[in-house]
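Just the heavy atoms: all of them, side chains too, but no hydrogens, waters or symmetry mates, feed the values below. Just follow the structure's listing: the first ligand is 1, and inside any ligand the first atom is 1.
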Amino acid sequence: MGLRQVTVAYAPGKIILVGEHAVVYGRPAVAVPVTQVRAQATVEDATTGQGITIVAPDVDQKLLLGGEGGWPSEDPLARTVIATLKYLGLSLEQDLTITVKSDIPIARGLGSGAAVSTAMVRVLAAHFSLELSPQEVSQLVYEVERIHHGTPSGIDNTVIAHERPVYFVQGQTSQTVAVRRTLRLLIGDTGEPSPTKGVVGAVRRQWRRSRGRYESIFDEIGEIALRVRRSMEEGDIAEMGRLMDENHQLLRELDVSSPLLDSLVGAARDEGALGAKLSGAGRGGNVIALVTAERLAQVERALLSAGAERVIGTEVPPGGEGTPAMEISENLARSDEDAV
Ligand code: PMV
């Protein structure tokens, strides 16, 4: 019996530091990878004639591609496999078992969907000894993200595929951010889902009603993202914290916060966080607090006693050149009028 080839690949989570929602309307946002949690994809050669099986034990899913089940292109896992094999110029007639696992909490603004897709794209390329650039991975994952999110900005796939802090503007060349001083972040999970598509849709409806007001909030958020990027490059973490606080207030004005998110943010600040805000789509999901090494333990305890279900600590190390990271291809751009 021949050896069965087994290939494994991973992808981290991500968190938006500043700029969520406004990024959907063309303003910049800054996001960083979260390497403490990750998605894992494994590909194993299967018995001849078995076809492609996708197994996702975390969500109790088992999918057989081809045969009677056909090619379910609306299923994100199936779509990832189909799109990747096609992109790699490979036949869909393969005998493979693909297993997906992830310890990234789902629907909490940590990019679990994009991370799972990224790990799958990477593992398929690696299994067939083919190379994909981070930009190609990002593009493929974006196509899959559209199923989950309707019209995602593209920030998740960009940060996760590149695994670098990114200054992101939809439809433009994103840039990695050179970080001068270590950023210590605590991510407090409310335990409540934050359904991105629904919250983005709610913001869109409000924007249609009060366009002028929403546009000026988005402008302010965009300005904050620009200044956060600068403070990361200059190592001015106190300034960065203040800007995160301001961003939270603007997100409240967009009506995407919640009483629990507000109280977690308040608890973190009371215990000496440099800044805190909700992160991601909001109404649930996570808060993010920027902390010093000295206050880290206190802030973590405060988040838990204010009702966080779990706290994930992550560090963004200094480094990076601030190089242009990637061309975001044209089809990532979309008009403001796109329905969500
Ligand atoms: O909740 P998340 O991390 O999936 O982020 C949503 C971020 C938004 O700006 C609200 C939407 C988007 O597509 O960028």
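- Comment: R27 engages E215 in a salt bridge, judged by a side-chain N to carboxylate O separation of less than 4.0 angstrom.
- The residue L110 has no part lying near ligand 1, judged by heavy-atom distances below 4.0 Å.
- Using a 4.0 Å cut-off between heavy atoms, V200 contacts ligand 1 through its side chain alone, with no backbone atom that close.
- Here is the list of ligand 1 atoms found below 4.0 Å of a heavy atom in K14: 2 (P), 3 (O).
- A salt bridge is defined here as a Lys NZ or Arg NE, NH1 or NH2 lying under 4.0 Å from an Asp or Glu carboxylate O, and R4 with D45 fails to meet this definition.
- Per-residue contacts place I16 under 4.0 angstrom from the following atoms of ligand 1 (heavy atoms of the residue considered): 5 (O), 7 (C).
- No N or O atom of S194 sits closer than 3.5 Å to an N or O atom of ligand 1.
- Note on R230 versus E233: no salt bridge recorded, every NZ/NE/NH1/NH2 to OD/OE distance being 4.0 Å or above.
- Listed by atom number, the atoms of ligand 1 under 4.0 Å from E20 heavy atoms are 9 (O).
- Between the side chain of D189 and the main chain of N286, no donor-acceptor pair closer than 3.5 Å is present.
- For ligand 1, the atoms lying closer than 4.0 Å to a non-hydrogen atom of V24 are 9 (O), 11 (C), 12 (C), 14 (O).
- The pair R181-D236 does not count as a salt bridge, with every side-chain nitrogen at least 4.0 angstrom from each carboxylate oxygen.
- Residues Y87 and V137 are members of one and the same hydrophobic cluster, defined by side-chain heavy-atom contacts under 4.5 angstrom among Ile, Leu, Val, Met, Phe, Trp and Tyr.
- Heavy atoms of R108 stay at 4.0 angstrom or farther from ligand 1.
- Near H21, meaning under 4.0 Å from one of its heavy atoms, ligand 1 places the atoms 8 (C), 9 (O), 10 (C).
- Comparing V199, L251, T196 against atom 6 (C) of ligand 1, the shortest heavy-atom distance belongs to T196.
- Within the 4.5 Å cutoff, no side-chain heavy atoms of Q5 are placed close to those of F128.
- Close N/O approach between A281 and ligand 1 is found [any backbone or side-chain N/O within under 3.5 Å].
- Here E163 pairs with R122 in a salt bridge; the nearest charged N to carboxylate O distance falls below 4.0 Å.
- Contact atoms of ligand 1 toward V23: 9 (O), 14 (O) (distance under 4.0 Å to a heavy atom of the residue).
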